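Note that the coordinates shown come from a computational prediction; the quantities given were computed from them, not determined experimentally. In the text below, chain A, chain B and the rest are named by the order of the sequence lines, each starting its count at 1.
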Amino acid sequence: MWRRRGHQVRLLELETPAEEELLVAPHQSNARCNHEEFEHLKEHISNLEAELANFRSTVDDRFKEMEARFVSALTMHPHSSNVNVEIHGHGDREDHSWGNSGGIGVPEDVNVDVADKCHEGWETNTLGSKLINLEISSFITLRLILPLTAGPTRVVIANSAMSWEATTQTNIVKELYASSSKGVTLGRTGKEVGDDSGLSVYCYLAVKYIEVNMNWLYGFGKVMEIPQSDFIPGPLINGLPDDLALLCLARVPRRYHHNLKCVSKRWKELVHSIEWCDLVCETLSDNLYAVGDPNLTFGRLPLTFIFFPMWRLP
Amino acid sequence: MSESTEKKMVRLRSSDGEVFEVEESVAKVAKTLQDMLEEDCADAVIPITCVRAPILTKVIDYCKDQVMISSSSSTTNNPNERTEQERKAWGQKFMEGVDSSTLCELLVASNFLNIEGLLNLGVDKMVSMIQGKYPQEIRDMFNVVNDFTPEEEEEIRNQNAWAFERDPYYKKRSSSK
């Protein structure tokens, strides 16, 4: 049985005098992580990873099965290349309720909880097709979602506590970097700036991947962009400034976006970009509606609610 | 009222040196020119450096039409007032026969002169030109270089291909195989 309390690992028991500074001025390079802390964290991380590998091997089969179902459901979803996923980690909540996942046959000991308070977010965002808000309490959810987002994915880990979620975080980061070719963005909402647990996650992530992006540690709280692999500069449309070209392209109905993608690498990058996502949502007023079997559920969330927004066919 | 009888003229010079003389009211449709005129910094010829003469002619045509509508809509029942449908039809007619390079210039000009209506017309035209086209047609139209290898292109095309079954383009491709 996997219970979160079983994985209670305090990773960050450091004194962080710089914390206030950091929170006050997140964009200034005040963030410091001294060598000792660094080594300390590294040690913990390697411990965690061992633990994780152990844990993973035991439950991997179940995940795979579940994942397969989800992926098959989602690949049917034409929008999947432009989904932004926003993932909020739980804080340490004593009354944390584990959703007993029915519906799609999640094993009892692999609990996925999509917290109630996210429902509102779901409603507005999913139907507005802009952002999917997920409160993630285990990396299972993330594993389910990431393969589905062929385009750039914005993952925001907010308000996450280090304790029981240490394994989760390791995994999240792993998954994120595994899919960094997709242009995954890591960010922080900034709403819970005062929350030290969120801070610890960030320290942790920063330390773990310090070799990847040193700036992240220093530019604390900023959104880190993982550079796209082959970005091709040059005008979108010859003889037209890019802002005007964007104005035009964003008004092209969604069902033709696939054609735009095939035009050139630059256009493909564009259609896969987060900016495009935002722009199109602003510009187009296509009617979206959901289809699917209303009896399917994922955790306590009906599946129809999650992954089947489609636009009206012509 | 007295202003309209005077009909103050404004002179505009296009990038290739041609000078157009238009009424002030016509020039004022363009927000950029309106600002210039209101601040009295345009007594001689106004140079419009990024717009060629044929494009400027088109822009002025549009502005004249706008003036005609707005001047007549102030009186209660007038023959020139248009319904939504008529306006659409007029816009289509106005943009008829405009090719992609002219359209680009027109967009740049209307953006520079800050004429929202014309910009919208241009964008709509652009959208109607793009939508429903095959990627190759789009490339030809805008001189975009295809930097995909054939395999890459095939791959992208096959992503989510099921979703486009209704699209004649995909039907055609799959039936030709």
Gap between atom [atom2] of [Y] and atom [atom1] of [X] - 0.5 Å precision:
| X | Y | atom1 | atom2 | answer |
| --- | --- | --- | --- | --- |
| A:Leu247 | B:Leu119 | CG | CG | 6.0 Å |
| A:Ile237 | B:Asn143 | CD1 | CG | 11.0 Å |
| A:Leu260 | B:Gln131 | CG | CD | 10.5 Å |
| A:Arg251 | B:Asn120 | CZ | CG | 5.0 Å |
| A:Leu240 | B:Leu103 | CG | CG | 8.0 Å |
| B:Phe148 | A:Cys262 | CZ | SG | 7.0 Å |

Are more than 12 heavy atoms from other residues, nucleotides or ligands located less than 6.0 Å from atom [atom1] of [X]?
| X | atom1 | result |
| --- | --- | --- |
| B:Glu21 | CD | yes |
| B:Arg139 | CZ | yes |
| B:Glu116 | CD | no |

Is the backbone N or O of A:Ser264 less than 3.5 Å from a side-chain atom of B:Asp147, with the two atoms forming a donor-acceptor pair by type?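 It does not hold such a pair.
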Checking A:Trp267 against B:Ile138 for the side chain to side chain contact (heavy atoms under 4.5 Å, CB included) test, could you report, in this order, the C-alpha distance in whole Å, the side-chain angles of both residues, the deciding distance, and whether it holds? CA-CA 11 Å; A:Trp267 286 45; B:Ile138 299 178; 3.6 Å; yes
Can you check side chain to side chain contact (heavy atoms under 4.5 Å, CB included) on B:Val108 and A:Leu244, steps first, answer last? CA-CA 8 Å; B:Val108 173; A:Leu244 283 177; 4.3 Å; yes
